[in-house]
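Following: one structure in structure tokens, then a few remarks.
Residue indices begin at 1 and follow the sequence shown.
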Amino acid sequence: MPFKPQIAVIAGALVTAALAFIGNASMADEMAADLLAKAEAAAAENGAPQIRSRFILSNGWPTRHPELSGGEGLDEGKRAEVALAIANIAGVGGIRWADGTAKAESGMKPLTPLHCQEDVEALLRARTIRFEESSSSMDAASRELLDEVEAALRPCLGNIIAITGHTDNSGPEPGNLALSRDRANAVRNALIRRGIPRDGLRASGVGSSKPVEGLDPADPANRRIEFSVIATAPLAPTPVDTPGAR
């Protein structure tokens, strides 16, 4: 059988993509390990080394949003102090306690967004929100990814968060435009079901009009969802946002 150059090209592209994925995963693991070391040091410095931080999701993916556990014998004020120290570590997004929902404390100053857009962009560089072909239905892995996107967006509650859908140019543009809107709305609805207020989310679709810089407009990698913070409003602490006792 004669050698087919296109097969070699496809194989090379697959190898390159696989190496890029491995590289991203390795960087994410290093990030989680670094944040874990800093969180353990912060807990110890605040007199509560028994409080543990988990920077790994249930599916094994590293995350910037730790789950705290331990220290059940400590008073609520000490737990809140340690939680706030961990939340203030550069690179850490929102946090939560394994044994309950964080409580807002009166007199605490409003929280400011903690790099939420950068956190979401980092998540989506390593993984992609995927949809069934020509559909706005997400696959199971994407639904799990949205759990982490929701956690990353929580520090931005009080802002207006834009969700933009994109497609490649493989079909007629009117259909691409409608599909990109449907997919953006599907993501918006999924975030609302996860507790993000609907009035802070804006969904739109631009079809294939804005491909990724440097990519051919027909490249499937142009099928994507992007997030951006487009306005800021004053934010008061809420039971979920405030890293209080529990």
### Task
Take Glu132 and Ser137 through the test side-chain hydrogen bond (donor to acceptor under 3.5 Å, both in side chains) and record every step on the way to the result.
CA-CA 6 Å; Glu132 296 177 10; Ser137 296; 4.6 Å; no
### Evaluation steps, side-chain contact (heavy atoms from CB on, under 4.5 Å), between Thr167 and Phe131
CA-CA 11 Å; Thr167 68; Phe131 298 87; over 6 Å; no
### Query
How long is the span from the CG atom in Leu177 to the OG atom in Ser209, to the nearest 0.5 Å?
7.5 Å
### Message
Please check: side-chain N/O of Lys78 versus main-chain N/O of Asn46, any donor-acceptor pairing under 3.5 Å?
### Response
yes
### Query
Is the shortest heavy-atom distance from the side chain of His65 to the side chain of Val92 under 4.5 Å?
no
### Query
Do Asp34 side-chain atoms and Glu30 backbone N/O form a donor-acceptor pair below 3.5 Å?
no
#### Entry: Note, Asn176 side chain near Glu173 side chain (heavy atom, < 4.5 Å)
yes
### Task
Mind listing the closest non-hydrogen atom pair of Ala152 and Asp119 along with its distance?
CB-CB, 4.0 Å
### Task
Look at Asp139 together with Arg130 and state whether they make a salt bridge at an N to O cut-off of under 4.0 Å.
no
### Message
Minimum heavy-atom separation for Arg183 and Arg223, please, with both atom names.
### Response
NH1-CB, 4.4 Å
### Query
In Å, rounded to the nearest 0.5 Å, how long is the span from CD1 of Ile86 to CD1 of Ile51?
6.5 Å
### Query
Backbone N or O of Asn185 within a donor-acceptor pair of the Asn189 side chain at under 3.5 Å?
yes
### Summary
Looking only at heavy atoms, the pair that brings Pro217 and Pro211 closest together is CA-CB, 4.2 Å
### Task
Answer yes or no: is there a side-chain heavy-atom contact under 4.5 Å between Phe227 and Leu191?
yes
#### Entry: Trace of the side-chain contact (heavy atoms from CB on, under 4.5 Å) decision for Ile225 with Thr164
CA-CA 6 Å; Ile225 295 289; Thr164 306; over 6 Å; no
### Message
Do Pro62 and Phe55 make a side-chain contact, defined as non-hydrogen atoms from C-beta onward lying under 4.5 Å apart?
### Response
no
### Message
Can you give me the closest heavy-atom contact between Gly165 and Ala184, atom names plus distance?
### Response
N-CB, 3.8 Å
### Derivation of the side-chain contact (heavy atoms from CB on, under 4.5 Å) call for Ser53 and Glu67
CA-CA 6 Å; Ser53 301; Glu67 179 182 81; over 6 Å; no
### Message
Between the side chains of Glu226 and Arg224, is the shortest nitrogen-to-carboxylate-oxygen separation below 4.0 Å, so that they form an ion pair?
### Response
yes
### Message
Just verifying a value: how many Å separate Ser170 OG and Asn222 CG, rounded to the nearest 0.5 Å?
### Response
10.0 Å
### Query
Under the 3.5 angstrom rule, does the side chain of Asp219 hit a backbone N or O of Ala221 as a donor-acceptor pair?
yes
### Message
Rounded at 0.5 Å granularity, tell me how far CD1 in Ile163 sits from CD1 in Ile196.
### Response
9.5 Å
### Query
Taking only residues two or more places apart in sequence or in another chain, which ones pass salt bridge (charged side-chain N to carboxylate O under 4.0 Å, His left out) with Arg194?
Asp147
### Query
Are any non-hydrogen side-chain atoms of Leu145 and Arg143 less than 4.5 angstrom apart?
no
### Task
Report yes or no: does Arg188 contribute a side-chain atom to a donor-acceptor pair with the main-chain N or O of Arg198 at less than 3.5 Å?
yes
### Task
Ignoring hydrogens and angles, tell me if any N or O in the side chain of Ser180 forms a donor-acceptor pair with the backbone of Val206 under 3.5 Å.
yes
### Query
Are Arg202 and Ile160 close enough, and set up right, to give a side-chain contact (heavy atoms from CB on, under 4.5 Å), and what steps lead you there?
CA-CA 7 Å; Arg202 304 287 186 272; Ile160 302 300; 3.6 Å; yes
### Task
Determine, using the 4.5 Å side-chain heavy-atom cutoff (strictly less than), whether Ile129 and Ile192 are members of one ILVMFWY cluster.
yes
### Task
Measure the CD-NZ distance between Glu45 and Lys38 for me, rounded to the nearest 0.5 Å.
12.0 Å
### Point-to-point distance, once rounded to the nearest 0.5 Å, from CD1 of Ile56 to CG of Leu36
8.5 Å
### Task
For residues Gln50 and Leu74, determine if any side-chain heavy atom of one lies less than 4.5 Å from a side-chain heavy atom of the other.
yes
### Query
Taking side chain as C-beta onward, heavy atoms only, is Asp168 less than 4.5 Å from Ser208?
no
### Query
For the hydrophobic clusters of this structure (ILVMFWY residues joined by side-chain heavy atoms under 4.5 Å, transitively), does one cluster hold both Met138 and Leu179?
no
### Message
Salt bridge check, Arg52 against Glu40: does any charged N sit closer than 4.0 Å to a carboxylate O?
### Response
no
### Query
So do Ile161 and Cys156 actually touch side chain to side chain, heavy atoms under 4.5 Å?
yes
#### Entry: Closest contact, heavy atoms only, Gly47 versus Pro49
C-CD, 3.5 Å
